[in-house]
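Okay, so here's the structure we're looking at.
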Amino acid sequence: MNADDLVESYVSDVARLLPRKQRDDVALELRTLLRDELEAKAATAGRPADEEMARELLTGFGPPREAAARYRPHLTIIDPADSRGFLRVAGGGIAVIWLLGLLAAFQRRPVGSAGDVLAVLRDWWLSVGPQVLWWPGLLVVCYATAAFVRRRRPESGAWKPRRGDRDRINRVGYLAAGAFFVSGTLVLIDPGRMLEYVTGGRAAPAAYQAFVYDDDFFRHRAPWLLAFMVLHLAFYGVMIVRGRWNPLTRQIDIALGLTVCAILTWVLLAGDIFEARPTDQLTKTAITLIVITSLVDLSLKLRRQWRRITHRPYA
Amino acid sequence: MADGDAFAKLELELRRGTVVLAALSQLHSLRYGYELRQSLAEKGMPIEEGTLYPLLRRLESQGVLTSEWRTDGGPPRRYYVLSADGRLLYERLTESWRGLNDTMDRLLEGGGRHER
């Protein structure tokens with residue numbers, strides 16, 4: 001390939017990466033400019049332009065992809081300021097989706113041997129392995145939209161101070177959440193009676209049968225679960241009365257949350273919860289989601305605590 | 001102490017900020033890309049061809065430059081010149097540059113002696 005062929009090939013590679021209406025014009029100009037540069041190089045070297053000289057010139061101009069990009073306005077999909085946050089959320093989301101998929105795969109197929117474990121891993125990979133890429137794809141759309149909006153309306157990205165007192169407890173909000181969790185705990189204590197209360201005793205016998213606890217769960221695991229749930233609720237009751245968080249109560253909250261998550265995980269893995277298979281599966285799925293959500297919430301609380309410690313101003 | 005690599009990167013950043021104004025300063029009359037690059041190099045401001053030629057296009061698309069094709073007995077070449085808006089922009093940038101230059105001179109004179 002001689003020097004002219006190299007220049008022609010380079011110009012063609014740059015041009016095809018440009019918008020159609022710009023292509024011919026830029027190609028014509030670039031070809032002339034590169035030939036001018038090549039002639040100057042040849043004159044300086046005191047010999048006719050050759051392949052080596054052309055290669056050196058084109059290497060200096062940069063790969064066609066980069067050269068073509070320089071001819072167009074800069075395009076940023078995700079703002080550089082968002083890049084690390086994007087990586088964190090994308091990586092964390094992928095880990096959570098894979099974990100959920102793994103738990104679901106273990107629930108679908110009982111494990112009795114090493115071969116079963118391999119089969120579960122294969123099921124897991126086929127069901128959520130590469131498919132997990134929908135999550136970063138969705139994030140790219142969200143972050144790109146946010147970047148677009150910020151460019152169009154710069155005031156939307158302006159900094160706003162956080163709520164002044166972050167230790168104050170919103171009593172109304174906590175009471176509403178507390179009422180919801182108390183109802184959930186009552187359902188857990190006696191789901192059959194709650195069904196009777198809701199339906200006025202008109203539910204089919206099969207419905208009552210669906211909510212009969214597994215005997216082993218009822219005797220051994222349910223008391224622990226109930227005890228810690230009541231303890232956690234009582235703790236929130238105390239906090240509503242006190243009206244403020246302090247470092248100690250925040251640590252107690254995290255410790256209680258972690259303990260409840262550990263007991264729920266034990267409940268999930270130790271055996272059946274309900275005698276009826278469909279109710280058991282549905283409840284385990286719900287508990288899995290609760291554990292994952294709680295762990296995400298706890299990790300955020302821990303991170304906030306850590307930042308409070310490390311960012312505390314000097315006395 | 002900053003090593004040679006750090007110096008090269010930081011110096012490149014310094015120079016990058018001056019490329020547009022340097023190019024505009026030489027475009028009060030029609031010039032084509034290679035001629036402009038030679039002119040800048042002769043005056044002590046060498047700019048890589050891969051940077052300068054696309055920059056001319058971008059400045060033209062922003063309305064700072066206008067261009068026309070000319071042959072003048074040789075191959076067809078695209079000649080660039082400051083537009084009316086480009087001349088105003090050039091004046092404002094020049095004013096900013098001089099103000100910045102004066103500020104930097106004062107800062108560098110004051111920072112000549114580093115305390116340990």
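All chains are named by letter (A, B, ...) in the order of the sequence lines, taking the proteins before the strands, and each is independently numbered beginning at 1.
In this structure, OG1 in A/Thr32 is found 9.5 Å from OH in B/Tyr32, a value given to the nearest 0.5 Å. The line from CZ of A/Phe61 to OH of B/Tyr53 is 7.0 Å long, rounded to the nearest 0.5 Å.
Contacts of A/Ala40 with chain B are made by both backbone and side-chain atoms, with heavy-atom separations under 4.5 Å. Heavy atoms of A/Arg72 lying under 4.5 Å from chain B belong exclusively to its backbone.
Taking the side chain as every heavy atom from C-beta outward, A/Arg35 and B/Tyr34 never approach each other to under 4.5 Å.
Judged purely by atom type and a 3.5 angstrom limit, B/Arg77 has no side-chain atom pairing as donor or acceptor with the backbone of A/Glu29. In terms of modelled atom types and a separation under 3.5 Å, the side chain of A/Arg70 and the main chain of B/Gly50 share a donor-acceptor contact.
Atom CD of A/Gln131 has more than 12 heavy atoms from other residues, nucleotides or ligands within 6.0 Å. Remark: B/Glu95 CD is loosely packed, at most 12 non-hydrogen atoms of other residues, nucleotides or ligands lying under 6.0 Å away. Other residues, nucleotides and ligands contribute more than 12 heavy atoms inside 6.0 Å of the CD atom of A/Glu51. Other residues, nucleotides and ligands contribute over 12 non-hydrogen atoms within 6.0 Å of the CZ atom of A/Arg244. Atom CZ of A/Arg55 has 12 or fewer neighbouring heavy atoms from other residues, nucleotides or ligands inside a 6.0 Å radius.
Listed options A/Leu34, A/Asp25, A/Leu28 were ranked by heavy-atom pairs under 4.5 angstrom with chain B; first place goes to A/Asp25.
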*Evaluate side chain to side chain contact (heavy atoms under 4.5 Å, CB included) for B/Glu49 paired with A/Leu33, printing each intermediate quantity in order.*
CA-CA 9 Å; B/Glu49 55 270 46; A/Leu33 289 168; over 6 Å; no
